[in-house]
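The next block holds one structure in the form of C-alpha cells; read it before the comments.
Note that the structure is a prediction, hence the values are computed from the model and not measured. Atom set for the values below is all heavy atoms of this structure, side chains included, hydrogens, waters and symmetry mates excluded.
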Amino acid sequence: MTQTLAHVAIVVRDYDEAIGFYVGKLGFELVQDTCQPEQDKRWVVVRPKGTGSTSLLLARASTPRQESYIGDQSGGRVFLFLATDDFDRDHAAYLAAGITFVREPKQADYGKVAVFRDLYGNLWDLVQFA
C-alpha cells in the first residue's frame, strides 16, 4: 500500500490575504485557485517550491467556531515545519519580507531551527535538518 499526505487545511480569514502571505512573503507557489460557487468558497492550494508534494489548503472560515481557530490551530504549539536546504538564505529572506520570528535561530542536534508566526499567529519551524 502507498499513501501520501496530500494537503493540510489551514483555516484563514480571507483567501487573498492568505495567498499574499504564503505566496508573496514565504515564496510558496499557488497551485490552484478555483471558485466553487455552489458552496460560496474557493479551493485554494499553495505549496513550498521544490520537490515536496504536501500542500496547504487555504480554507476560509465559514462559521464563528471556525473563525475562533484562525491562528490557533495547534493550541499555541508549533503547527507546521518548513524544511529548507539553506536555512540562512531563507531566514534572511523572511526577515527582509517582514516575517516575525518568535524564537531566534539555534543549532540543535537535529539541525538549525527558528520559529516564526504566519499572518494569523500560527507558529512554524523553519528548519534545516542535519
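- Scanning both residues, Lys49 and Gly27, for their nearest heavy atoms gives CE-O, 3.2 Å.
- Taking the six-membered ring where tryptophan is involved, the planes of Tyr22 and Phe28 are tilted, since the angle between them lies from 30° to 60°.
- Within a 6.0 Å sphere centred on CG of Asp40, other residues, nucleotides and ligands contribute 12 heavy atoms or fewer.
- Remark: side-chain polar atoms of Asp72 are paired, donor with acceptor, to backbone N or O of Gly76 under 3.5 angstrom.
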Take Met1 and Gln3, measure what side chain to side chain contact (heavy atoms under 4.5 Å, CB included) needs, and give me the verdict at the end. CA-CA 7 Å; Met1 172 169 59; Gln3 297 179 327; 3.5 Å; yes
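- Expressed to the nearest 0.5 Å, how far CZ of Phe129 lies from CZ of Phe87 amounts to 12.0 Å.
- Criterion: ILVMFWY side-chain heavy atoms under 4.5 Å apart, direct or through other members. Under it, Val23 and Val44 are part of a common hydrophobic cluster.
- You'll find the side chain of Val113 stays beyond 4.5 Å of the side chain of Gln107, heavy atoms only.
- Checked for salt-bridge contact, Arg47 and Glu29 meet the test: a charged N lies under 4.0 Å from a carboxylate O.
- Distance check, rounded to the nearest 0.5 Å: CG of Leu26 to CZ of Phe21 gives 4.0 Å.
- Of the inter-residue distances, the one linking Tyr15 atom OH with Asp33 atom CG reads 9.0 Å to the nearest 0.5 angstrom.
- In this structure, Tyr120 is a member of the same hydrophobic cluster as Leu56, with clusters built from ILVMFWY side-chain heavy atoms closer than 4.5 Å.
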Between Val46 and Gln32, is the side chain to side chain contact (heavy atoms under 4.5 Å, CB included) condition met? List the steps. CA-CA 7 Å; Val46 298; Gln32 189 173 2; over 6 Å; no
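- Put simply, the side chain of Leu80 does not reach to within 4.5 Å of the side chain of Asn122, judged on heavy atoms.
- The environment of CZ in Arg103 is sparse: at most 12 heavy-atom neighbours from other residues, nucleotides or ligands sit within 6.0 Å.
- For the pair Phe116 and Leu95, the minimum side-chain heavy-atom distance is 4.5 Å or more.
- With hydrogens and angles ignored, the 3.5 Å screen pairs no side-chain donor or acceptor of Thr4 with any backbone N or O of Thr54.
- For the pair Leu82/Pro48, a side-chain contact is recorded, criterion being any heavy-atom separation below 4.5 Å from C-beta on.
- In this structure the side chain of Ile19 reaches within 4.5 angstrom of the side chain of Arg42, judged on heavy atoms.
- Here the closest heavy-atom approach between residue Asp85 and residue Arg89 is recorded as OD1-NH2, 2.8 Å.
- The structure places CZ of Arg77 at 10.0 Å from CG of Asp125, a figure rounded to the nearest 0.5 Å.
- Distance check, rounded to the nearest 0.5 Å: CD of Glu17 to CZ of Arg60 gives 11.5 Å.
- Neither Trp43 nor Leu30 shares a network with the other; the hydrophobic side chains, linked directly or stepwise wherever heavy atoms of I, L, V, M, F, W or Y lie under 4.5 Å apart, form separate groups for each.
- In this structure, the side chains of Thr84 and Leu126 come closer than 4.5 Å at one or more pairs of heavy atoms.
- The ring of His91 has its center closer than 6.0 angstrom to the ring center of Phe101.
- Here Leu119 contributes atom CG and Lys25 contributes atom NZ; the two are 9.5 Å apart, rounded to the nearest 0.5 Å.
- Judged purely by atom type and a 3.5 angstrom limit, Gln73 has no side-chain atom pairing as donor or acceptor with the backbone of Phe79.
- In terms of hydrophobic clustering, with Ile, Leu, Val, Met, Phe, Trp and Tyr side chains grouped at heavy-atom distances under 4.5 Å, Val78 and Leu5 are assigned to different clusters.
- Between Trp124 and Arg117, the closest side-chain pair of non-hydrogen atoms is not below 4.5 Å.
- Counting only heavy atoms from C-beta outward, the side chains of Leu58 and Ile10 approach each other to under 4.5 Å.
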